[in-house]
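Take a look at the structure set out below.
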Amino acid sequence: MYQTMVRAISHYTSLLQTCINSKAIEPGKQLHAHLILNGLTSHAPIATKLLNLYTACNSLSNAHLVFDRILPNQLTNLFLWNILIRAFAWNGPYSIAISLYHQLLRGGLEPDNFTFPFVLKACSALSDVQQGRIVHQDVARFGWECDVFVGAGLIDMYSKCGCVYDARQVFDEMPVRDVVVWNSMLAAYAHNGLAEDALSLCNAMVLSPGVLRPTVATLVTVVSAAADIAAVTQGREIHGFSWRHGFEGEDKVGTALVDMYAKCGSLTVARMLFERLKETRVVSWNAMIAGYAMHGLATEALALFEEMKREGEVTPDHITFVGVLSACSHGGLMDEGRKFFDAMVREYSIEPTVQHYTCMVDLLGHSGQLNEVCDLIRKMSMKPDSGVWGSLLNGCKLHGNVELGELALEKLIELEPRDAGNYVILSNIYAQAGKWEGVARVRKLMKEKGLKKSIACSWIKVKNKVHGFLVGDLSHYKSEEIYAELDRLGGLMIEAGYVPDIGPVFHDVEDDEKMGMVFSHSERLAIAFGLISTPPGTKLLITKNLRVCDDCHVVIKFISKITEREITVRDVNRYHHFKDGTCSCGDYW
DNA sequence: GTAGGGTTAG
């Protein structure tokens with residue numbers, strides 16, 4: 001009798017394995033029904049296969065059902081728990097993974113080095129750091145802190161919850177770290193806006209005596225960190241490093257490099273690397289298209305999109321269209337933008353996301369079709385976010401529409417009440433329209449809420465050192481020469497026909513700022529420093545944390561002509577390439 | 001028999 005049952009179980013497990021291999025859920029379900037009739041579902045080998053089948057086919061309610069029928073004596077089988085928790089941690093609902101974990105503990109079982117990474121993944125997916133900390137305590141309680149898999153899981157959990165210092169603490173306390181632990185920590189920095197820390201940790205990793213070989217993931221992470229802060233020098237170093245270490249054929253690294261060079265303004269290099277990629281993948285096309293778009297090179301972006309369609313090896317996805325639409329938006333190509341938006345929905349059956357709507361609002365807003373913007377916003381299937389209202393507000397600023405600007409700010413206050421930048425834009429709209437009482441009202445509102453405009457700051461890298469400048473900054477060791485250079489250029493500019501435009505800006509500055517601050521805006525200081533510190537003809541790259549103001553934009557155009565320099569300013573919104581008195585944005589930003 | 005990290009937009 002016992003022999004027969006063992007044979008039957010082995011027979012069914014192999015049948016189920018066939019179903020798992022081919023993800024054949026229907027035959028699997030028939031087998032399951034058969035097994036229920038024969039009372040075999042509670043046997044661990046069968047239950048395991050059924051669980052595997054349903055998780056492989058993403059049929060989690062069935063998996064749960066199987067689990068519930070497992071005999072009480074099988075509930076001590078940790079392996080079964082682990083694969084069930086894994087199923088929910090990977091596919092959701094994530095909260096079920098967590099409640100199963102607690103159920104497991106209540107049943108008196110001890111989680112192991114497999115359980116923790118799974119349940120931590122569920123915490124990450126929910127960004128639930130409280131739950132994550134509870135699990136962390138359990139990790140310590142059960143003595144798994146030194147396990148590299150568990151450690152990487154903890155670092156990743158803290159990182160995804162935005163607690164990068166907790167992640168670092170876990171990292172520091174690990175006695176032995178493998179390459180994935182390092183990669184997790186690099187990613188934690190990179191994804192939490194600490195690109196500089198990611199880059200220096202990468203240096204430490206490469207130099208550390210453990211001789212850890214970086215992996216594709218290491219390089220992809222740090223290249224994208226360099227891209228985030230437009231650190232072209234470090235990006236180039238990593239590029240060289242990856243070539244020397246045999247990663248030149250790795251397309252994923254290649255794509256990250258395409259993105260990095262594009263973000264650093266070297267579009268020719270980006271394109272060259274793009275052409276050298278071996279596989280055709282949609283991410284690579286997207287990176288290149290978006291690269292052109294962010295520099296206002298709409299023609300190139302759209303030509304590449306057409307080429308992508310012609311080659312037909314990859315299908316455009318929703319991110320491709322964010323690139324295409326933002327190319328249209330930055331290039332002021334109204335009709336094309338509409339055409340692509342329609343094509344996206346009709347030909348490619350891509351549901352527009354809020355980003356696509358933001359591009360369209362930007363596009364329509366720039367060309368002054370503000371009523372159409374309102375129609376579009378009404379038609380949206382989701383709640384407009386701050387990006388959408390912010391684009392509308394910017395459109396109102398460009399076209400001096402006070403009423404709609406007020407509406408947009410109202411919505412923005414609901415969504416991000418502490419963002420001073422929005423108030424400043426509305427205040428500028430009032431100022432342009434000569435409505436000084438409106439300016440005063442906004443200022444009062446900001447004061448009541450205790451909001452301060454964020455301090456403008458610009459950076460420039462000269463000889464591998466980053467120099468930062470605040471508005472009106474006098475702290476730089478070359479301050480005197482910087483202001484002298486600005487004075488000298490100011491004279492030349494006026495000769496060339498420059499008329500300062502400080503009207504709106506005067507009403508836009510902080511109360512404690514003095515009139516005339518516009519002459520010492522941070523980007524001008526950074527540019528002047530760049531000019532006096534580099535040989536003639538050197539291109540300058542400046543990064544700014546806010547938008548470039550109207551007057552600075554005019555001034556930089558003059559400077560580019562007078563000094564015969566190419567100047568790139570990467571503001572919070574886009575890139576401006578100044579050359580020979582014009583800007584790539586076509587004065588349109 | 002189960003496991004951790006990575007690229008494009010915003």
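In what follows, every heavy atom counts, from backbone to side chain, and hydrogens, waters and symmetry copies are set aside.
- A cation-pi arrangement is absent between A:R281 and A:W285 under the rule of less than 6.0 angstrom and at most 45 degrees off the ring axis.
- Among the heavy atoms of the strands, none lies under 4.0 Å from A:D317.
- Considering only residues two or more places apart in sequence or on other chains, A:E306 meets the salt bridge (charged side-chain N to carboxylate O under 4.0 Å, His left out) condition with A:K309.
- A:W90 comes within 4.0 angstrom of sugar-phosphate atoms only, judged by non-hydrogen atoms across all strands, and of no base.
- Between B:dG4, B:dG10, B:dT2, one nucleotide has an atom nearer to the side chain of A:V322 than all others, and that is B:dG10.
- A sub-4.0 Å separation between OP1 or OP2 of B:dA9 and a side-chain N or O of A:W285 is absent.
- Between the side chain of A:K121 and the backbone N or O of A:W90 there is no donor-acceptor pair closer than 3.5 Å.
- The side chain of A:V220 lies closest to B:dT7, out of B:dG10, B:dG4, B:dT7.
- Residue A:I83 has its side chain nearest to B:dT2 when only B:dT2, B:dA3, B:dG4 are considered.
- Across the protein-nucleic acid pair, A:W81 atom CH2 and B:dT2 atom C1' stand 16 Å apart, rounded to whole Å.
- Look at CD on A:Q355: it is 13 Å from P on B:dT8, rounded to the nearest Å.
- For the pair A:I85 CD1 and B:dG1 P, the interatomic distance rounds to 21 Å; values are reported in whole Å.
- Residue A:V258 is out of contact with every strand shown, counting any heavy-atom pair closer than 4.0 Å.
- The ring of A:Y348 has its center no closer than 6.0 angstrom to the ring center of A:H318.
- For A:Y357 and A:F341, the ring centers sit closer than 6.0 Å to each other.
- Residue A:F118 is in base contact, counting any heavy-atom pair closer than 4.0 Å across all strands shown.
- The residue A:D385 sits apart from the nucleic acid: no heavy atom pair falls under 4.0 Å.
- Side-chain proximity of A:F149 to B:dT2, B:dT8, B:dG4: nearest is B:dG4.
- At a threshold of 4.0 angstrom between heavy atoms, the contacts of A:D259 are confined to the sugar-phosphate backbone, with no base atom among them.
- A donor-acceptor pair is defined here as one N or O able to donate and one able to accept, closer than 3.5 Å; such a pair exists between the side chain of A:N192 and the backbone of A:A188.
- You won't find any donor-acceptor pair under 3.5 Å spanning the side chain of A:D147 and the base of B:dG4, going by distance alone.
- Contact annotation for A:T320: no contact, since no heavy-atom pair falls under 4.0 Å across all strands.
- You'll find that the side chain of A:I319 is closest to B:dA9, out of B:dA9, B:dT2, B:dG4.
- One can place CD1 of A:I350 at 16 Å from P of B:dA9, the figure rounded to the nearest angstrom.
- Distance CG (A:N394) to C1' (B:dG10): 16 Å, rounded to an integer number of Å.
- Taking every side-chain heavy atom of A:N286 into account, B:dT8 is the closest of B:dT2, B:dT8, B:dA9.
- Between A:R86 atom CZ and B:dG4 atom P the separation is 9 Å, expressed in whole Å.
- Rounded to whole Å, atom P of B:dA3 lies 15 Å from atom CG of A:L120.
- The six-membered or imidazole ring of A:Y292 lies away from that of A:F305, with a centre-to-centre distance of 6.0 Å or more.
- No engagement by A:V150 is indicated, since no non-hydrogen atom pair under 4.0 Å with the nucleic acid exists.
- The list of side chain to side chain donor-acceptor pair (under 3.5 Å) pairs with a residue in residues 142-154 of chain A, not counting sequence neighbours, is empty.
- The distance from atom CE of A:M360 to atom P of B:dA9 is 20 Å, rounded to the nearest whole Å.
- Using a 4.0 Å heavy-atom criterion, one finds that A:T255 contacts the bases of the nucleic acid, with or without backbone contacts as well.
- Taking every heavy atom of residues 184-194 of chain A and every atom of DNA chain B, pairs under 4.0 Å involve A:S184, A:A187, A:H191, by number.
- Aromatic pair A:F114/A:F79: ring centres not closer than 6.0 Å.
- The side chain of A:F114 sits closest to B:dT2 out of B:dT2, B:dG4, B:dT8.
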